[in-house]
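One structure is given here, and the rest of the page talks about it.
One-based numbering along the sequence shown. Both ligands and their constituent atoms are indexed starting at 1 by order of listing.
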Amino acid sequence: MAAPRFTALVRSLPATVPFVGPEAQERARGKAFKARIGANENAFGASPLATDAMARAARGAWMYADPENHDLREALAAHHGIAPANIVVGEGIDGLLGYIARMTIAPGVAVVTSHGAYPTFNYHVAGFGGALTFVPYRDDHEDLEALAATAHEHDASLVYLANPDNPMGTWHNAAAIERFIDALPASALLCLDEAYVDLAPHDTAPPLRTDDPRVIRLRTFSKAHGLAGLRIGYAIAEASVAASFNKVRNHFGVNRIAQAGALASLNDSAHLAKLRGLNAEACRQINTIARANGLIPLASAANFVAIDCGRDGAFARAVLEGLIARDVFVRMPFVAPLDRCIRVTAAPAADLAVFAQALPAAL
Ligand SMILES: *Cc1c(COP(=O)(O)O)cnc(C)c1O
């Protein structure tokens with residue numbers, strides 16, 4: 001039988017998966033996890049207003065969703081004090097990263113990111129044949145000076161920065177980010193991934209500017225809002241950049257239930273404030289558990305804590321495997337020297353109690 005004529009690029013790609021989900025791990029293990037604290041989900045749960053809105057929207061699921069995401073874009077625009085034309089709603093940040101790669105990457109185009117930063121970005125770039133250059137972290141932070149210098153050196157078309165960072169949870173303040181943007185080559189587009197910004201200190205995000213076509217800000221309902229399973233996020237960009245997404249995006253990609261849930265969650269600022277408080281308390285508990293076991297938690301501006309296990313990657317991996325064997329789902333950074341850490345997601349006390357129980361034995 002004839003094989004499909006895949007492109008040379010697709011034939012050359014390795015069959016990588018950016019993240020193996022906990023469900024796949026549970027199937028492989030033949031049993032469920034007792035604590036799901038590895039994917040930076042928000043187990044404190046979404047706004048009840050959002051779940052009610054989603055239940056109502058489910059009854060209308062026979063209708064296609066509004067492909068312009070109009071009501072949500074209007075609400076986001078009002079929330080941020082910008083115009084709806086500056087907002088692109090998409091299938092989570094992951095989906096939007098795919099569109100950005102599709103808009104900017106042809107085979108061989110130079111892209112710069114940090115070594116060990118968010119792998120889904122790399123996955124999308126590789127899918128269009130981009131040439132990635134990886135800049136080492138410095139002191140567990142993405143290294144702004146080195147990223148800018150490398151972008152100049154390679155004449156990069158696309159640069160990625162997560163602030164706060166995943167997997168380390170470290171962050172730069174708004175002034176440092178603004179200096180970084182000024183230092184980038186004029187022809188480079190910055191993907192500024194702010195997945196965790198709603199949980200970060202208030203001076204983490206620079207003011208939104210909608211006149212600069214060189215920066216796309218990415219936000220999500222997956223983390224602080226507790227709606228990871230809905231698959232909805234948005235980009236903030238200069239209007240012509242935002243409009244260009246319409247050439248490549250899946251116009252009906254964001255479903256009705258997601259649009260309704262996100263809109264209701266956006267309007268429940270009281271619940272978001274509550275989640276911020278619960279998240280901070282859970283991060284303190286993770287710090288306490290880590291220290292009680294002689295480990296060093298890194299300061300985090302996100303909904304997880306990277307815990308330095310004090311030795312090399314092989315040791316941290318053994319700790320991770322020991323936790324998984326004790327039914328605790330956690331993840332860890334992929335590359336050295338970050339991989340001396342495990343990464344534990346903020347969660348309700350019952351989940352953290354399972355972790356606290358398992359950790360000494362895993363060590
Ligand atoms: C969790 C995470 C995402 C994924 O966001 P979605 O909106 O759920 O696709 C993107 N970037 C970073 C840095 C993340 O940690």
| task | Just jot down the side chain to side chain contact (heavy atoms under 4.5 Å, CB included) partners of Ser222, sequence neighbours excluded, or say none. | result | Thr220, Ala228, Arg231
| query | Between Asp198 and Lys223, is there a side-chain N and carboxylate O pair less than 4.0 Å apart? | reply | no
| Contact list for residues 61-88, test salt bridge (charged side-chain N to carboxylate O under 4.0 Å, His left out), sequence neighbours left out | none
| note | Output for ligand 1, non-hydrogen cut-off under 4.0 Å, lists Gly92, Ile93, Asp94, Tyr118, Tyr160, Asn166, Asp193, Ala195, Tyr196, Thr220, Ser222, Lys223, Arg231
| request: Any pair with a residue in residues 37-51 that passes salt bridge (charged side-chain N to carboxylate O under 4.0 Å, His left out), sequence neighbours left out, goes on the list, sorted by first then second residue, please. | output: Arg36-Glu41
| Do you know which of Ile232, Asn250, Leu96 makes side-chain contact (heavy atoms from CB on, under 4.5 Å) with Glu91? | Asn250
| query | Taking the six-membered ring where the residue is Trp, are the ring centres of Tyr118 and His124 under 6.0 Å apart? | reply | no
